[in-house]
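Atoms within each ligand, like the ligands themselves, are counted from 1 in listed order. Each residue takes its place number in the sequence, starting with 1.
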Amino acid sequence: MALLFSLITLPYAPNALEPVISQETIEYHHGKHLQTYVDNLNKLIAGTEFEAMPLEQIVAKSQGAIFNNAGQILNHNLYFLQFQPYTIEQSSIINHQLPIIQAIGRDFGSFDAFKAEFEQKGTTLFGSGWVWLAADKDGKLVITQEPNAGNPVTKGLKPLLTMDVWEHAYYIDYRNRRAAHLQSLWQIINWGEINRRYTE
Ligand code: MN
């Protein structure tokens, strides 16, 4: 059996996101939770029509267990690759010349208004799921709440930025304080990567 999907390599050290995300959380979240989704999907798609498909296409066309595992791989790949190592200097710097930052100002009124709506939608998503910043085909930005393994690609939107609100994403570091975790994540977002996704 050809193993089609493998665990992504993180572009930073496992402790590089501290104190926002601990090394222990990275080791469980990337090393165990995401690894399990990869292992499950590789078993589930063996010998099926999905075996030769790119991940986004599997997410768009599948249902049930295959959708759940493929969606979680796509979601976590976008999630882990959107971060940069934490430094005090960079934690609050936003380059307002970036097209994605200008588009956020245009579509949400201000960067702070966008952050407040994003955090509110992440905090009020009941149960497990993901909150997303996504773009429609005209480049207009929207925030969506997706339950479980959901991804805005299933609505024809391009996913740009996401926060994981499954408890496994924050319970080691923040216990039940989901809102505090979401608020903290802004400090490690690599806006250059989000801009690349938006403009490609
Ligand atoms: Mn997760």
Side-chain angles (χ1 to χ4, degrees), residues 4-45 55-56 58-60 62-86 115 118-134 143-155 157-190 193-194 197:
L4 289 172
F5 295 105
S6 52
L7 185 67
I8 54 158
T9 302
L10 298 178
Y12 40 78
N15 65 352
L17 307 183
E18 293 185 347
V20 177
I21 300 175
S22 69
Q23 176 165 347
E24 186 182 3
T25 289
I26 291 291
E27 286 169 355
Y28 274 86
H29 198 184
H30 171 262
K32 296 187 188 294
H33 288 281
L34 180 51
Q35 181 71 64
T36 300
Y37 296 128
V38 170
D39 293 343
N40 286 345
L41 185 67
N42 283 331
K43 283 181 204 148
L44 286 164
I45 61 175
L55 193 55
E56 286 208 6
I58 298 177
V59 172
S62 65
Q63 293 177 323
I66 291 180
F67 172 82
N68 287 336
N69 286 282
Q72 285 294 73
I73 298 169
L74 179 62
N75 297 351
H76 285 94
N77 289 356
L78 290 164
Y79 175 80
F80 285 117
L81 296 177
Q82 74 189 353
F83 297 130
Q84 63 187 6
Y86 173 84
K115 286 198 329 191
F118 197 93
E119 287 175 30
Q120 191 268 339
K121 286 195 166 152
T123 305
T124 58
L125 198 168
F126 187 78
S128 295
W130 301 77
V131 59
W132 293 90
L133 175 67
I143 298 171
T144 75
Q145 292 173 310
E146 306 292 338
N148 302 314
N151 185 299
V153 291
T154 60
K155 297 169 173 163
L157 299 168
K158 183 199 276 190
L160 303 174
L161 165 76
T162 191
M163 292 189 188
D164 185 347
V165 301
W166 286 59
E167 283 187 345
H168 68 222
Y170 59 88
Y171 211 80
I172 293 171
D173 301 332
Y174 297 81
R175 295 303 174 192
N176 61 319
R177 296 180 300 124
R178 185 195 285 185
H181 170 65
L182 299 183
Q183 210 170 38
S184 187
L185 285 179
W186 299 117
Q187 300 175 90
I188 52 170
I189 299 295
N190 179 351
E193 169 63 12
I194 309 304
R197 296 173 186 176

Quiz item: What number of protein N, O or S atoms occur at distances under 2.8 Å from the Mn ion (ligand 1)?
Solution: 4
Quiz item: Is R197 paired with E193 through a side-chain N to carboxylate O contact shorter than 4.0 Å?
Solution: yes
Self-check item: Close side-chain approach of Q72 and L34, heavy atoms under 4.5 Å
Solution: no
Exercise. Please answer whether the main-chain N or O of G122 pairs with a side-chain N or O of R178 as donor and acceptor at a distance below 3.5 Å.
Key: yes
Self-check item: Under 3.5 Å side-chain donor-acceptor pair for D39 and Q35
Solution: yes
Practice problem: Answer yes if the side chains of H181 and D173 hold a donor-acceptor pair under 3.5 Å, and no otherwise. | Solution: no
Quiz item: Side chains of E146 and T144: do they bring a donor and an acceptor to under 3.5 Å?
Solution: yes
